[in-house]
Peer 1: 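Structure in structure tokens, see below.
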Amino acid sequence: MLFQIQISRMKTSNVIWVGNYSTVVKRDPVLHWSWKSELPLECATHFVRMRSRVDDAKIPEPRFWSNWSSWKEADAQKSLGRDPLFLFPKDKLVEEGSNVTICYMSRNQQDNISCYLEGQQIHGEQLDSNVSAFKLNKVSFIRKTGTNIFCKVDQKDVIKGIVLFVSKVLEEPKDFSCETQDFKTLTCTWDPGTDTSLPKRSSQSYTLFESFSGKKILCEHKNSCNWQVDSDSQEMYNFTLVAENALGNRSVSVLFSLTHRVHPKTPYNLFLKNVSGTKATVTWKVHPIGNYSTLLCQLDLLGEGNVIQQHNVSIKENGEYLLSELEPDTEYMARVRCADANHFWKWSGSISQKFITAEAAPSEALDVWRNVKSVSGRPTVTLFWKPLSKLHANGKILSYNVTVENLDRPSGLEVHSVPATANGTELTLDQDSYQIHVTALNSAGPSPASVIVVSGDPGNEEVEEERVNGTEDGFSVSWKPQSGKAIGYVVEWCDHPQDLPCDLQWKNLSSNTTSTVISSGAFRPGVRYNFRIYEISTERMAYLLEKKAGYLKELAPSDNPQVVVSNLTSHSFTLSWKDYSTDSQLGFIQGYYVYLRSKAEKECHPGFKKATLPDKSACCQHRIDNPEQKTFVMENLQPESVYEFLVTPYTSAGSGPLDAFTKVTTPDEYYLVEKGPYTHTHHPPHDRLRFAHHDHLLPKKSVENPHLTIMNVSDCVPDAIEVIHKPEGSKIQFLGASKSLTETEFTKPAYLYLLPAEKNYSGPGPCICFENLTYNEAAADSGSCGHFPVTPEALPGQPGPLTSPENLLKALEKNYMNSLGETAAGEASLNYVSQLASQMSGDKDSLPANPPEPVLCSEYKMQMAIPLGLASPPPAENSGLSSTTPLDQSEHYR
Amino acid sequence: MRVPGKLWSVLGVVPLLLVLHWKHGAGSPLPITPVNATCATRHPCHSNLMNQIRNQLLQLNSSANALFILYYTAQGEPFPNNLDKLCSPNVTDFPPFHANGTEKARLVELYRIIAYLGASLGNITRDQKVLNPNALSLHSKLNATADVMRGLLSNVLCRLCSKYHVAHVDVAYGPDTSGKDVFQKKKLGCQLLGKYKQVIAMVAQAF
């Protein structure tokens, strides 16, 4: 019979669905048919009617429809309570991506109702005055705990809600396959994909169905199922795996032959036996598969994690294989896995076993080099060797044997045993030639000997050094063969030339090689590397061929030389930096820059050019191209001017730091024997002993001394000497209170009465001794100090000898006042107490026999400041100070 | 008639002393049934029983609000922002409590309240384990509250029995939520916990 069914919504005339249902009508007249409404039935009354006709081919046409049945009403609203608002469907479960229709029904048409999903208001279609429906298309999975959807009546405390559960899509099982390990059980596995479980609803279940046998089992696990193989009679299997949950099912099938799905069990009992240095036998067992199966086993030999040998072995149950070509004293791993030999399906699991081969004697001679030096006149040979690689050591090196044989005077061999931890040894020999054999020993025996011949004669060391350029790859070193009989060459260098030991390195090269690239991870920019190339003669003697030096990359000098200033005159001074080594620099020193700047001079001197310093200040620059020129004379300077200079070397990478300029103050054209550290600012001398302007008069030794010192006038031949006073002396600045006495410049003039040198004087020499032994800071205030006459005759207007201190003081005071007529005494803060020494300078106890006679030799001695506390009373005779009080001194001069 | 499964564990301390009644949606508890049977407890009561009861009430009161917040937060919107509409404490059949009654009357009313709450809490815990399986702190708090209620119920009964010789208190329980839809379960739980928060404060104050 064929039934045609109509469904109407809300009113019978509103037909929303028409469909046919065909079935065989049997004796039981009750038929069941169901229909799912998208709109929850609670929200609208539905009506259904049907008609039928015969649907049998045996009944000839025409076949007529029956009349329609009467409409049957399905009204779920009647069963609802009296709540003001209802929301449907409740606890609906749908699959992700499907469509859901939600509806609400209000009892009061006047209510304003709004509905929300995940905080967002949703808008629906009003089906009638009380009912609205919301269609949610392709709903997404949000969370397993469901999504609250709620509607509320505005202005009323009414909220109604439902929870919509959206499950993940049930996926088709992936990677479905079955296999057996023993022809007794088939194990089928698959990837179940996403779990579709929800609260109160379990995850999908899996059912395995085999079509040939018609058997079906419910799988216990989500991703595997075991199927018992009943007998050997069934060869082919056709499995269908069905995944099912509350919303539907998915299935996947696989058809296979049982013998093509053999996955052997992991082999067992893997052993190594008869392990020698180069061979080993591997044995293992497998679980038999049936009575007729043969297994193909793959034997891998691994060294340091890499497969280095692979062998295939067909076996029934017991496997054995002889591994060869192994390295002595090496750890290996043997690994075995098996598969069905007839129909490969899958490898079994692997079993592995580590083993170590036995040791063998070292296979290669040591790489030996030597360094010959003379210690206390005896040649001392330091032997170096590189440890044998693991490949060549063939075991643990226990020691090294060094055998020394005198080639010039045959005698017994001298054998030294060196511990394995050492990579060299030192031998003290004589001037003879020696042949040295070095071998490495392990438990299996010695290595081939490495032979080297050394002689007490170091040979030609006077080889001119050449430069070699460094690149990113290292140093490209080449040389010219000399003898033509070389059996090889050795290039020697230090990885750390500035360290001790310097980490000597060498590289052996064949006889037909004349160049090589020396590279090392230790090479650094700014380090000078020295390479020595040796030729190895047929007698195995090394002869120095060439020397090279180079930088991987030259850097600018990091510091400047210490410069000494000498020959300071009012117009020039000399700079020298002779102790500056040019070999230990960050690059090859190509020369020097001399910088000069002065506030007094705007233009640069000849030979200088203008330059700008990093601080944007201007200065003058002179370039010295010869790195060995380490002196420079600054000329054409202005007297009484401050100059600042800097000497900095330069390499191909640049010059040294331009920061620490040194100040030099040129004296005026008359010289005071004074000099201070030129790193300080010096002001032009004011109260000074002046010589007539002859630069050559300045004794060198005094200007080289950076402090005030004694000028021995006998060293020079002045035209005239006078003591001057400059009134502007009071304006002179002191650099600091902490300045030492010898550096301090004086604000008050020193007055010395000198004997003019007589041109025709034929005595011992027109020497004058100036001994300004002390000055007393309190003297000026107390008026107790003055300037002492050299002799009574030298004091014009002074009647009679100074027989007492009082007289002397008076005479001095008078003279002082006469000489400083225009100088206000109040200006003075320091007064010089100057003395003329006796004839025998420094020997104050030895008085001259004829005091009135002029002294023949004068001496100017350092003057020293005496603190007030020491000035009065006068210091003891044995005071360390080289001065005494003026009164005491005056007695010497009488 | 069906007794919630949790009920047995709630009353497990002294099950034999109680006559259990289940009245779905009952508006008021059944009256105390006078019995002449000798009142006996399995173990002697604690010497300072009332103090224990007060402490347990204080403990429940101090954690009730946190439990309420945990609960409505776990239910998702619209609960946290519509507490007045969804979680208002209008539980009509909730056992009454009169703070000005005698100690005996208050203890009897307390017993009924805790029995009611214990059973409801059991329903809520069961539902939440299904509906919010990952809300572990909520589960923990629900279980901890139920544990304290079990102890409190035992102590109250001990007190009633030892001092007032009350061996039998009729109790009533709230509606079983097992047949409700999920949203309704959430709402009923929220209302119950809101009511619990309100009542326990009053009861704790009364003791």
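Please read all numbers here as calculations on a predicted model, not as lab measurements. Chain identifiers are assigned alphabetically (A, B, ...) following the order of the sequence lines, protein sequences preceding nucleic acid strands; residue numbering begins at 1 within each chain.
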Peer 1: So which atom in Ile159(A) and which in Lys187(B) form the shortest heavy-atom distance, rounded to 0.1 Å?
Peer 2: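 Minimum heavy-atom contact is O-NZ, 4.3 Å.
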Peer 1: When you look at NZ of Lys174(A), are more than 12 heavy atoms from neighbouring residues, nucleotides or ligands closer to it than 6.0 Å?
Peer 2: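 For Lys174(A), atom NZ is crowded (more than 12 foreign heavy atoms under 6.0 Å).
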Peer 1: What's the shortest heavy-atom distance between Asn148(A) and Glu77(B), and which atoms?
Peer 2: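 Heavy-atom minimum between the residues: ND2-O, 2.7 Å.
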Peer 1: If you look at every heavy atom in Val163(A) and Phe183(B), which pair is closest and at what distance?
Peer 2: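 Result for this residue pair: CG2-N, 3.8 Å.
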Peer 1: Does atom CD of Gln120(A) have more than 12 heavy-atom neighbours, drawn from other residues, nucleotides or ligands, at distances under 6.0 Å?
Peer 2: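 12 or below, so no.
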Peer 1: Heavy-atom count check: over 12 atoms from other residues, nucleotides or ligands less than 6.0 Å from Gln126(A) CD?
Peer 2: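 Correct, the count exceeds 12.
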Peer 1: Could you check if a side-chain atom of Lys152(A) sits within less than 4.5 angstrom of a side-chain atom of Asn82(B), using non-hydrogen atoms only?
Peer 2: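 The answer is yes; the side chains approach within 4.5 Å.
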Peer 1: Is chain B contacted by the side chain of Tyr116(A), its backbone, both, or neither, given a heavy-atom distance below 4.5 Å?
Peer 2: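 For Tyr116(A), there is no contact with chain B at all, as no heavy atom is under 4.5 Å.
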Peer 1: Side chains of Leu131(B) and Thr145(A): closer than 4.5 Å at any heavy-atom pair?
Peer 2: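 Counting from C-beta outward, Leu131(B) and Thr145(A) never come under 4.5 Å.
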Peer 1: Are any side-chain N or O atoms of Asp91(A) and backbone N or O atoms of Val182(B), one a donor and one an acceptor, separated by less than 3.5 Å?
Peer 2: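 Indeed, once roles are kept as given, a pair shorter than 3.5 Å links the two residues.
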Peer 1: Report the C-alpha distance between Asn134(B) and Lys144(A) in whole Å, list the side-chain angles of each, state the deciding distance to 0.1 Å, and finish with yes or no for side chain to side chain donor-acceptor pair (under 3.5 Å).
Peer 2: CA-CA 10 Å; Asn134(B) 297 323; Lys144(A) 278 193 169 187; over 6 Å; no
Peer 1: For the backbone of Lys90(A) and the side chain of Asp181(B), can you confirm whether one donor and one acceptor N or O come within less than 3.5 Å of each other?
Peer 2: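 Judged by distance alone, no pair lies under 3.5 Å.
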Peer 1: Just wondering, are more than 12 heavy atoms of other shown residues or ligands nearer than 6.0 Å to CD in Glu118(A)?
Peer 2: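 For Glu118(A), atom CD is crowded (more than 12 foreign heavy atoms under 6.0 Å).
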Peer 1: Is it the backbone or the side chain of Gln184(B) that comes under 4.5 Å from a heavy atom of chain A, or both, or neither?
Peer 2: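 Neither part; nothing is under 4.5 Å.
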Peer 1: Atom CD of residue position Gln205(B) - does it have more than 12 heavy atoms of other residues, nucleotides or ligands inside 6.0 Å?
Peer 2: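 No, because the 6.0 Å sphere around CD of Gln205(B) holds 12 heavy atoms or fewer from other groups.
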